[in-house]
Structure formats: C-alpha cells, structure tokens
Amino acid sequence: MKKSIKITILLSCIIIAIMSIYSYVYSTENVHLGKYKGLSTKMTTYNVTDGDIQTSLNELAKKYPNKKKIKEGQLENNQKASVDYSYTLDEKLIKNEDYEITVGVASIGFEDKLSDMIVGESKKIIVNYSDDDADKTVAGKTITYHVKVNYIIEESTPEITDEFIKKNTKYKTVEEYKNYLKKEFISSYEKNAEATAGNTLIQQIIKTSRIRKYPTKDVEKYKKNIRASYEDAATQMNLTFEKLLKYMDMTEDEFNEKLEKEANFYVSKKMIVQAIAKKKFISISDDEFNAYLKTIADTYQDFDSLEDVQTYIEENKTEEDLSYDALAEKVIKYLLKHNKIEKISEDIEYQSISVQL
C-alpha cells in the first residue's frame, strides 16, 4: 500500500469531514432552534457485488486448514508440530500439552532449538531471556524447558463448502457467509453516508437557528486538539508535520482554514444536537452507550475488546465526548426519519482488504 494511501486511512480516523459552516452556538439555553423538520437532503445507498470476495474465502480457508498428524520424522524449520512442555517459573510448575508451535519461529523462546528433534523425542532446553524481553514475566530470567515432540502437523487448504462454513463460522452456508462479508464491507460506507446526510440537515438547521453567544474557547480548544492529533499522527509515521501536509497536498494556510471551518461546525453541531435532544427527550441509555463502545472496539484495530475501550476512556477521560458522539448518532437518525431523504443508489465491488477475518 502506498504511503499516501496509508496516511489517508489514518487521518480519516482523526477527522471525518471538514464542513464550511460559520454559525456558532454555546449552550442549549443560548440556542433558539430553527426549522428541523420538513427539510431535505440526499443519501447514498450501496449495492455490493461479489468483486474480490473469493480472496476473503481463501483467507478463511487458510485460517482453518486441514491438519494431518505425522507421527514419525525429524523437525524442520517453518514446520508445524505439536509438543508437550513444562517449566518452573517463580517456584511454580507450569505445564502445556498438545501445544502447536512453528519450528524456528519465536513465540515461547525455544522454537529455534527444535529443528534437530524427531517425533517422540524429549529434550531439556535452556533459554536465557534478555532484560528487555517483551514478556515481562520472563525478562532477565533463565528458564529450563522440558519438551517432548508429539507429532508433525501437515496442513492443507480445505475446500470452501457449506459444511466448512458451518464448522468454522456462525453461518450455515457459503452464501450466508458471503452476505455477511458484504454487509460488513459496506457498513462503514453506510455509516459515512448517514453522517454526511445528517450533517447536511444540521447545516440547514444552523442557518435558521438563533445563537446568542460566541463560543471562542470551545472553538479554540477543538482546533488545538485536532492539530495535536495530526502532529501525533505525523510522529507515528516518522514524518514532520510539514511533510504530512505535503502528502495531504495541502499548505499550512489551507490546513488552518479547513481546521477553522471544521471547529466552527463541530461546536455548532454539538449545541444543535443537544438542543434537539433536549426538546425531543432523546437520551442515551447505559445499554446504548455500551453498544456504541462495542462498535468502536469492533471498528478500530487499536482495541481488542470492549474492556480495552473502557480502559482508554478511564485513562483519557473521554467519556463525555463519546457520550456526545453516541447522542449525535441518535439525533441524526431522528432527523433522517423526520425529513425528506432522497436515496441515491451506487454499486461498489467488495474488496477483501476491508474485512478483518
């Protein structure tokens, strides 16, 4: 993947869109809502063709290969095998049986010392772990492993059948699984389409609403946070901020201008959302908030579970911001339901890179 594409993907997680709005709001008490029903906008709906779906099916097949036990022979590098092993750590005996390893590929620490062993052989292996080992439980320690080779594992790629799908997924047929892949693929497209249509409606609401105070501090705070996010993204990619802007094909003046517009819209949208929520008694329950956090856990690769998201919230004190984001989604659904939406259909081809198997 080209660096410019990687940058685009990363920054899309930081900023969804930059909008040209110059209306300002400060609190629900300072907002006199204009017209928020009887408006109109357009929204894209997507039809997904099979496209590259076979690639995802092939990846699934690789993930769940057929396995044959070979109970004789000598181990070779990159060969998979089943072993029993035990060791003592901090005076506690730890045992693992029928554990699959890849010879020569480090995971535990002794895999590079197995290539001369034969099936059925037992061996004592001593491993000296460095002080900076990623596994802090063994860092700086010397551990003696008692290893026995059970058998060599010979893998082959299975045929994708209904039986295979039923065994290895929660779906019953290949067709059902294909439909799941396509649905997962377009979910981000649909979410962006919904957000774009909702933002268009909110722009219209802002134009007819009356605002009494100018939220300078909120706008400046948002600009500062977003700029810091871009600078952090540049650091993660070993780039200067100026180099990042160059990859984005943008001057710093253009960046600042767009950031100003986005900050204005963000603050305005937030107050409009809160005003509509208050007027229509729209709120987020604990279950709805947890479902929203689960979506974040499933969407972003930085999080492995809902618990990871909750830990991040506690450490970064972002619960209020995320609660607003969840509320904004619910208010946008309300607006889309009570205004005229012209649906525009678009065909897109499935791409396997978009779905994590």
Side-chain angles (χ1 to χ4, degrees), residues 1 5 8-9 12-13 16 42-69 80 82 98 100 102 153-198 284-310 322 325-326 329-330 332-334 336-337 341-357:
M1 185 181 290
I5 297 176
T8 300
I9 293 172
S12 68
C13 298
I16 296 176
K42 297 179 180 180
M43 185 167 69
T44 305
T45 59
Y46 297 95
N47 305 306
V48 185
T49 62
D50 278 358
D52 194 29
I53 207 157
Q54 187 59 47
T55 299
S56 286
L57 294 177
N58 293 343
E59 288 298 318
L60 183 67
K62 290 179 183 178
K63 187 176 179 180
Y64 299 103
N66 293 324
K67 296 182 179 181
K68 182 180 179 181
K69 299 179 181 180
K80 292 192 175 182
S82 165
D98 203 15
E100 289 189 13
T102 301
I153 301 171
E154 185 178 275
E155 295 185 342
S156 61
T157 303
E159 181 183 356
I160 301 295
T161 62
D162 290 346
E163 182 180 356
F164 171 84
I165 292 296
K166 187 174 182 179
K167 178 182 178 181
N168 296 295
T169 76
K170 61 182 180 181
Y171 302 93
K172 296 180 179 179
T173 67
V174 175
E175 196 61 33
E176 278 188 16
Y177 187 70
K178 284 183 178 181
N179 289 334
Y180 151 73
L181 290 176
K182 288 189 280 190
K183 184 176 179 180
E184 286 293 298
F185 173 67
I186 65 170
S187 61
S188 61
Y189 286 83
E190 292 175 333
K191 189 171 184 178
N192 287 337
E194 185 176 277
T196 300
I284 298 296
S285 67
D286 289 342
D287 287 344
E288 287 173 324
F289 185 59
N290 285 331
Y292 180 77
L293 297 184
K294 180 66 165 58
T295 300
I296 293 176
D298 292 341
T299 302
Y300 297 100
Q301 295 180 16
D302 291 342
F303 303 108
D304 294 326
S305 65
L306 176 58
E307 287 71 26
D308 284 349
V309 178
Q310 291 169 330
L322 289 171
D325 291 340
E329 281 195 4
K330 194 168 182 178
I332 282 179
K333 289 183 184 297
Y334 170 85
L336 293 175
K337 182 178 179 180
I341 310 300
E342 180 185 348
K343 300 290 182 70
I344 302 171
S345 181
E346 181 178 333
D347 291 336
I348 53 175
E349 282 195 354
Y350 173 87
Q351 298 176 34
S352 62
I353 194 173
S354 300
V355 175
Q356 299 297 317
L357 295 175

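- Heavy atoms only, all atoms of each residue included: Tyr64 and Phe164 are closest at O-CE1, 3.6 Å.
- Between Glu155 and Ile153 there is a side-chain heavy-atom pair separated by less than 4.5 Å.
- Counting non-hydrogen atoms of neighbouring residues, nucleotides and ligands closer than 6.0 angstrom, the CG atom of Asp286 reaches no more than 12 such neighbours.
- The minimum heavy-atom distance between Ala197 and Lys42, with the atom names listed, is CB-O, 3.6 Å.
- Nearest heavy atoms, Tyr46 versus Ile348: CD2-CD1, 3.9 Å.
- Side-chain N/O atoms of Asn47 and Ser345 include a donor and acceptor closer than 3.5 Å.
- Within a 6.0 Å radius of CD in Glu163, other residues, nucleotides and ligands contribute 12 heavy atoms or fewer.
- Between Ile160 and Ile165, some side-chain heavy-atom pair lies under the 4.5 Å cut-off.
- Scanning all heavy atoms of the two residues, the minimum distance from Lys182 to Thr49 falls at CD-O, 4.1 Å.
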Exercise. Tell me, with the steps shown, if Val48 and Tyr189 meet side-chain contact (heavy atoms from CB on, under 4.5 Å).
Key: CA-CA 11 Å; Val48 185; Tyr189 286 83; over 6 Å; no

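- Residues Ile53 and Phe185 have side chains not in contact (no heavy-atom distance under 4.5 Å, counting atoms from C-beta outward).
- Atoms OG and CG, from Ser352 and Leu60 in turn, are 12.5 Å apart once rounded to the nearest 0.5 Å.
- In terms of heavy-atom proximity, Pro158 sits nearest to Pro65 at CD-CA, 3.8 Å.
- Ring pair Tyr292/Phe289 is parallel by interplanar angle, where below 30° counts as parallel and above 60° as perpendicular.
- Glu329 is not listed as a side-chain neighbour of Glu194, based on a closest heavy-atom distance of 4.5 Å or more.
- When only modelled atom types and interatomic distance are considered, Thr169 and Tyr180 share no side-chain donor-acceptor pair under 3.5 Å.
- No more than 12 heavy atoms of other residues, nucleotides or ligands sit less than 6.0 Å from atom NZ of Lys80.
- The structure places CE of Met43 at 10.0 Å from OG1 of Thr196, a figure rounded to the nearest 0.5 Å.
- Thr173 contributes atom OG1, which lies 7.5 Å from atom CG of Asn179 (distance to the nearest 0.5 angstrom).
- A distance of 11.5 Å separates CD of Glu176 from NZ of Lys170, quoted to the nearest 0.5 Å.
- Closest non-hydrogen pair, Ala193 versus Thr44, comes out as CB-O, 3.5 Å.
- The main-chain N or O of Val174 is found under 3.5 Å from a side-chain atom of Asp162 such that the two form a donor-acceptor pair.
- To the nearest 0.5 angstrom, Glu100 atom CD is 7.0 Å from Asp98 atom CG.
- For the pair Leu57 and Lys178, the minimum side-chain heavy-atom distance is below 4.5 Å.
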